[in-house]
Amino acid sequence: MRFVSVCGPGPILLSRNRQFVVLSDEMERNQAVPKRQFWLFKSEPREFSITDLENAPGHTTTWSGIRNYQARNLLRDQVQLGDQVFFYHSSTADKGIVGVCEITRTAHADPTALDPNSPYFEPRATTAEPIWLAVDVTLVHRFPVLIPLSILKSTDGLERMGVCRPGNRLSIQPVSADEWKIVLTLVKKLASRR
DNA sequence: GCCAACGTTGGC
DNA sequence: GCCAACGTTGGC
């Protein structure tokens, strides 16, 4: 692909195989290519911790038990293969981000909704209409240090992160690329201080 | 244990 | 559709 010309405000022309394509078309097509996105998933470590994920076969687990429609809709509509996820420990003395996972399977029926013995059993759920969805995540990296919520809250640029805002209960939260970078910088900083 | 900030339920 | 009552999450 070769840059040809810019004609003021308006579509930029690109040449590809002797054909001219306006940039807006190109951008539209690029949107069809999944762009890696970032998330934060909350878990109570008493239920499932990053250590449990480390010990899981293939460092992989099915992230089940999501019983909130907003979170489910994010799983269904937004979460894509290869998306990166911060693993967050909630409702514990050591609250914070403990590592990074990757989405290795997109939304599918939450098996706990179909399991009568599960505390997350949903009597209305069927295989055809599972109601609740789960994704699979695989551990990428456990941080050498936990990044405490208190530090996240006092870090510039993270004010808009869900976990930093009071009363935000959403267990699947979008994270911007900028926020992702800032947190990784924090990890380096905190790890080097030890 | 308290309580803020939600989300859900159900009567009307 | 409105909204009061109730339930849940999760920080403190």
Side-chain angles (χ1 to χ4, degrees), chain A residues 37-56 61-79 83-101 103 106-137 139 142-176 178-180 182-187 189-191 193:
Chain A
Q37 304 173 108
F38 304 105
W39 306 96
L40 180 145
F41 286 12
K42 287 185 202 167
S43 182
E44 298 188 18
R46 273 167 299 184
E47 287 222 16
F48 189 84
S49 71
I50 194 156
T51 304
D52 295 325
L53 185 56
E54 281 181 318
N55 294 333
T61 194
T62 296
W63 202 275
S64 55
I66 303 289
R67 295 293 179 272
N68 169 284
Y69 287 104
Q70 205 183 335
R72 181 206 65 182
N73 294 348
L74 287 173
L75 293 181
R76 186 189 60 198
D77 304 331
Q78 308 269 143
V79 175
D83 281 2
Q84 303 292 110
V85 178
F86 283 140
F87 195 126
Y88 179 86
H89 281 176
S90 66
S91 287
T92 177
D94 297 314
K95 286 176 281 298
I97 301 175
V98 286
V100 171
C101 318
I103 302 296
T106 53
H108 55 277
D110 182 337
T112 65
L114 300 164
D115 176 6
N117 296 318
S118 168
Y120 297 105
F121 178 59
E122 166 59 72
R124 296 173 299 157
T126 63
T127 312
E129 290 281 341
I131 304 179
W132 300 114
L133 302 174
V135 295
D136 286 8
V137 301
L139 183 66
R142 181 176 186 158
F143 293 154
V145 289
L146 174 144
I147 310 304
L149 177 61
S150 57
I151 300 279
L152 296 173
K153 281 186 166 174
S154 63
T155 299
D156 287 344
L158 300 183
E159 303 84 0
R160 292 173 58 81
M161 275 187 85
V163 285
C164 294
R165 296 202 302 264
N168 198 310
R169 296 156 29 186
L170 198 58
S171 61
I172 303 284
Q173 303 181 352
V175 172
S176 76
D178 283 344
E179 289 160 350
W180 186 268
I182 291 169
V183 171
L184 292 187
T185 304
L186 263 180
V187 174
K189 201 165 122 189
L190 293 185
R193 256 190 216 164

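Below, each value reflects all heavy atoms present in this structure, side chains not excepted, and no hydrogens, waters or symmetry copies. Here is the naming used below: chain letters follow the sequence lines, and residue numbers restart at 1 for every chain.
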Polar atoms only, N or O, under 3.5 Å: list the protein pairs with nucleotides 2-5 of chain C and their distances.
none

Run the salt bridge (Lys or Arg N to Asp or Glu O under 4.0 Å) test against [X] and tell me which residues pass, sequence neighbours left out.
X: Glu54(A); result: Arg142(A)
X: Glu122(A); result: Arg124(A)
X: Arg46(A); result: none

Tell me every residue that passes ring-ring contact (aromatic ring centres under 6.0 Å, His included) with [X], counting only those two or more places apart in sequence or in another chain.
X: Phe41(A); value: Trp63(A)
X: Trp39(A); value: none
X: Phe38(A); value: Trp180(A)

Exercise for review: Check side-chain hydrogen bond (donor to acceptor under 3.5 Å, both in side chains) between Asp52(A) and all other residues, then give those that pass, not counting sequence neighbours.
Suggested key: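 Scan of Asp52(A) (side-chain hydrogen bond (donor to acceptor under 3.5 Å, both in side chains), adjacent residues dropped) gives Ser49(A).
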Review point. Which residue pairs pass the side chain to side chain donor-acceptor pair (under 3.5 Å) test when at least one of the two sits in residues 66-77 of chain A, sequence neighbours left out?
Key: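 Matches after skipping sequence neighbours: Arg67(A)-Asp110(A), Arg67(A)-Thr112(A), Asn73(A)-Arg76(A).
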Review point. Which residues, if any, of residues 64-76 of chain A bring a heavy atom under 4.0 Å of DNA chain C?
Key: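 Close to the strand, none.
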Point to revise | Any residue meeting side-chain contact (heavy atoms from CB on, under 4.5 Å) with Lys95(A), in chain and number order, not counting sequence neighbours | key: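 For Lys95(A), the residues satisfying side-chain contact (heavy atoms from CB on, under 4.5 Å) (neighbours in sequence not counted) are Tyr88(A), Thr92(A), Leu149(A).
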Check your understanding: Passes side chain to side chain contact (heavy atoms under 4.5 Å, CB included), Lys42(A) versus Val163(A)? Steps please.
Key -> CA-CA 9 Å; Lys42(A) 287 185 202 167; Val163(A) 285; 4.1 Å; yes
Revision key, fill the gap. With B for base contact, S for sugar-phosphate-only contact and - for none (protein heavy atoms under 4.0 Å), nucleotides 7-12 of chain C reads BBBBSS
